[in-house]
Amino acid sequence: MKRFTGFIKKEFYHIFRDRRSLFILFGMPIAQILLFGFAITNEINNVNIAILDHSKDATTGEIINKISASKYFSIKQMITREAEIEPAFKNGKIKAVLNFENDFSKNLIKERQAKIQIITDATDPNTANSITNYINAILQNYQQSENRGIQIEYQIIPKTRMVYNSELKSVFMFVPGVMTIILMLVSAMMTSISITREKELGTMEILLVSPLKPFQVIVGKVVPYIFLSIINAAVIVLLSIFVFGMPVQGSLFLLGVESVLFIITSLALGILISTIAETQQSAMMISLMGLMLPVILLSGFIFPITSMPQPLQIISHIIPAKWFIIIIKGIMLKGIGIAYIWKETLILIAMTVFFIAVSVKKYKIRLE
């Protein structure tokens with residue numbers, strides 16, 4: 001019995017001495033529960049909207065103030081004509097527009113009813129539905145407060161219009177997200193495992209002391225995966241178009257260029273992972289666990305980033321998938337060009353340069 005007790009103590013000592021085991025036992029569950037608890041929510045908060053007020057009277061002012069006072073919406077823009085609605089949506093700054101009809105207050109008093117048009121960006125159908133329901137609830141609350149003690153009640157009639165996805169097809173949301181996840185994980189994981197295999201077998205040291213420079217060694221390792229990932233991306237796009245009926249409103253050429261850029265960014269991230277991992281198993285674990293959860297939860301693929309706590313919103317900025325999802329949805333569903341997505345493109349380029357620069361530096365240090 002003493003031997004058995006001693007054996008158990010030894011196992012405890014081994015676990016407590018191994019930092020990786022402790023991280024898996026305690027760190028990952030805590031990180032996951034915090035991520036899932038804060039990131040997974042169907043609620044909306046601080047959603048940016050625009051106002052088009054044709055009437056500009058006291059009643060519309062009260063409704064606008066009531067909406068802006070809620071924690072759910074933030075009035076980002078006041079537009080003056082309907083021609084400004086589409087550019088506002090394409091810029092990605094707003095998720096909805098409230099369009100008040102002419103003579104809103106007069107119609108409410110004279111005809112006992114007035115109309116508000118709620119225009120929402122339906123590239124994310126769940127968020128679009130939530131925005132519509134929340135605005136309707138605020139309008140209903142305002143209407144009830146105004147109708148107290150009145151025999152013939154006022155009636156505010158909201159009219160909803162969904163843009164870019166009028167049928168609210170969920171496939172329009174899932175195809176860009178799934179494409180992003182596949183390209184991100186496959187590119188990063190395969191590259192990190194490939195390079196780590198060389199390190200594990202000892203052949204990486206031979207390559208680094210060869211006439212080839214460290215930069216050439218790294219680029220040479222990832223070039224085949226660039227072509228294979230491009231084929232993967234092409235297959236995904238073709239399936240989404242011909243099987244799921246996903247529209248491509250914008251330029252196919254631009255979509256291809258941006259996809260190649262994201263593939264290179266993902267491969268560069270895989271190279272960076274290979275500088276940290278010493279074995280293929282650890283490279284796979286970092287690629288899967290370190291990328292899967294952030295990509296799904298913090299990229300805006302399923303859950304709106306604006307509804308997350310501020311620290312998670314800041315963390316989401318360093319996830320390449322977030323920027324690629326904005327790009328691919330903009331090109332495929334909104335039909336926008338480079339003029340609207342140049343910032344996201346530059347961010348991906350900057351991330352790629354950073355990942356490669358850090359990786360090359362680490363391999364140079366390793367060689368020395």
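Leu168 and Phe174 sit in two unconnected hydrophobic clusters of ILVMFWY residues. Membership requires side-chain heavy atoms under 4.5 Å apart, directly or through other members. Both Leu255 and Ile263 belong to a common hydrophobic cluster when Ile, Leu, Val, Met, Phe, Trp and Tyr are linked at side-chain heavy-atom distances under 4.5 angstrom. When hydrophobic clusters are built by joining Ile, Leu, Val, Met, Phe, Trp and Tyr residues whose side-chain heavy atoms come closer than 4.5 Å, directly or via intermediates, Ile181 is grouped together with Ile264. The hydrophobic cluster containing Val237 also contains Leu239, counting ILVMFWY residues as joined when their side-chain heavy atoms lie under 4.5 angstrom apart, directly or transitively. Grouping the Ile, Leu, Val, Met, Phe, Trp and Tyr side chains by contacts below 4.5 angstrom, directly or via other members, places Val260 with Val235.
With Asn91 contributing its side chain and Pro87 its backbone, the two residues share a donor-acceptor pair below 3.5 Å. At distances below 3.5 Å, not a single donor-acceptor pair connects side-chain atoms of Trp323 with backbone N or O atoms of Lys343. Judged by distance alone, with hydrogens and angles left aside, the side-chain atoms of Ser229 form no donor-acceptor pair with the main-chain N or O of Ile226 at under 3.5 Å. At distances below 3.5 Å, at least one donor-acceptor pair connects side-chain atoms of Asp57 with backbone N or O atoms of Ser105. Put simply, the side chain of Asn107 never gets that close to the backbone of Glu111: no donor and acceptor are under 3.5 Å apart.
Between Ile319 and Met351, the shortest heavy-atom distance links the atoms N-CE, 4.2 Å. When every heavy atom of Thr180 is checked against every heavy atom of Pro176, the shortest pair comes out as OG1-O, 2.7 Å. Residues Pro247 and Leu333 come closest through the heavy atom pair CG-CD2, 3.9 Å. Annotation for Thr123 and Pro125: closest pair O-CD, 3.6 Å, computed over non-hydrogen atoms. Nearest approach of Ser259 to Met179, heavy atoms of both residues: OG-CE, 3.7 Å. For Gln143 against Ile156, the heavy-atom pair with the smallest separation is OE1-N, 2.6 Å.
Looking only at side-chain heavy atoms (C-beta outward), Ile63 and Leu139 come within less than 4.5 Å of each other. Looking at Ile138 and Lys66, their side chains come closer than 4.5 Å, going by heavy atoms from C-beta outward. Taking the side chain as every heavy atom from C-beta outward, Ile118 and Lys159 never approach each other to under 4.5 Å. Residues Leu98 and Ile64 have side chains not in contact (no heavy-atom distance under 4.5 Å, counting atoms from C-beta outward). Side-chain contact check for Leu269 versus Met184: some heavy-atom pair is nearer than 4.5 Å. Side-chain contact between Ser192 and Ile271: absent, with no pair of heavy atoms (C-beta onward) separated by less than 4.5 Å. Contact annotation: the side chain of Ile157 never approaches that of Ile116 to less than 4.5 Å [non-hydrogen atoms, C-beta and beyond]. Counting only heavy atoms from C-beta outward, the side chains of Val47 and Tyr72 never approach each other to under 4.5 Å.
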Item to complete: Start with the C-alpha gap between Asp53 and Thr60, add the side-chain angles, then the distance that decides, and say whether side chain to side chain donor-acceptor pair (under 3.5 Å) holds.
Response: CA-CA 7 Å; Asp53 188 0; Thr60 58; 2.9 Å; yes
Practice prompt. Please report the C-alpha distance between Lys76 and Ile49 in whole Å, then the side-chain angles of each, then the deciding distance to 0.1 Å, and finally whether the side chain to side chain contact (heavy atoms under 4.5 Å, CB included) criterion is met.
Written response: CA-CA 6 Å; Lys76 184 76 173 179; Ile49 64 172; over 6 Å; no
Item to complete: Start with the C-alpha gap between Lys322 and Leu298, add the side-chain angles, then the distance that decides, and say whether side chain to side chain contact (heavy atoms under 4.5 Å, CB included) holds.
Response: CA-CA 7 Å; Lys322 170 190 173 179; Leu298 302 179; over 6 Å; no
Discussion item. Walk me through whether Thr265 and Thr352 qualify under side chain to side chain donor-acceptor pair (under 3.5 Å).
Written reply: CA-CA 5 Å; Thr265 305; Thr352 305; 2.6 Å; yes
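The CG atom of Asn65 sits 7.5 Å away from the CD1 atom of Ile75 when rounded to the nearest 0.5 Å. Rounded to the nearest 0.5 angstrom, Ile67 CD1 and Tyr134 OH are separated by 14.5 Å. Of the inter-residue distances, the one linking Ser68 atom OG with Ile51 atom CD1 reads 8.5 Å to the nearest 0.5 angstrom. Considering OG1 of Thr120 and CD1 of Ile94, their distance stands at 10.5 Å, rounded to 0.5 Å. Atom CD of Gln310 sits about 8.5 Å away from atom CG of Asn46, to the nearest 0.5 Å. Rounded to the nearest 0.5 angstrom, Asp103 CG and His54 NE2 are separated by 11.5 Å.
Within the structure, every pair that satisfies the ring pair (Phe, Tyr, Trp, His ring centres under 6.0 Å) test and touches residues 243-300, not counting sequence neighbours, is listed here: Phe262-Phe324. Among residue pairs with one or both ends in residues 235-258, those qualifying as side-chain hydrogen bond (donor to acceptor under 3.5 Å, both in side chains) are Glu258-Thr345; sequence neighbours excluded.
By the 6.0 Å contact criterion, NZ on Lys56 is enclosed, its count of non-hydrogen atoms from other residues, nucleotides or ligands being greater than 12. Enclosure of atom OH in Tyr142 by more than 12 non-hydrogen atoms of other residues, nucleotides or ligands within 6.0 angstrom is indicated. Around NZ of Lys115, the count of heavy atoms belonging to other residues, nucleotides or ligands within 6.0 Å does not exceed 12.
Using a 4.0 Å cut-off between a side-chain N of Lys or Arg and a carboxylate O of Asp or Glu, Lys334 and Asp121 qualify as a salt bridge.
In this structure, Glu62 has no salt bridge (Lys or Arg N to Asp or Glu O under 4.0 Å) partners at least two apart in sequence or on a different chain.
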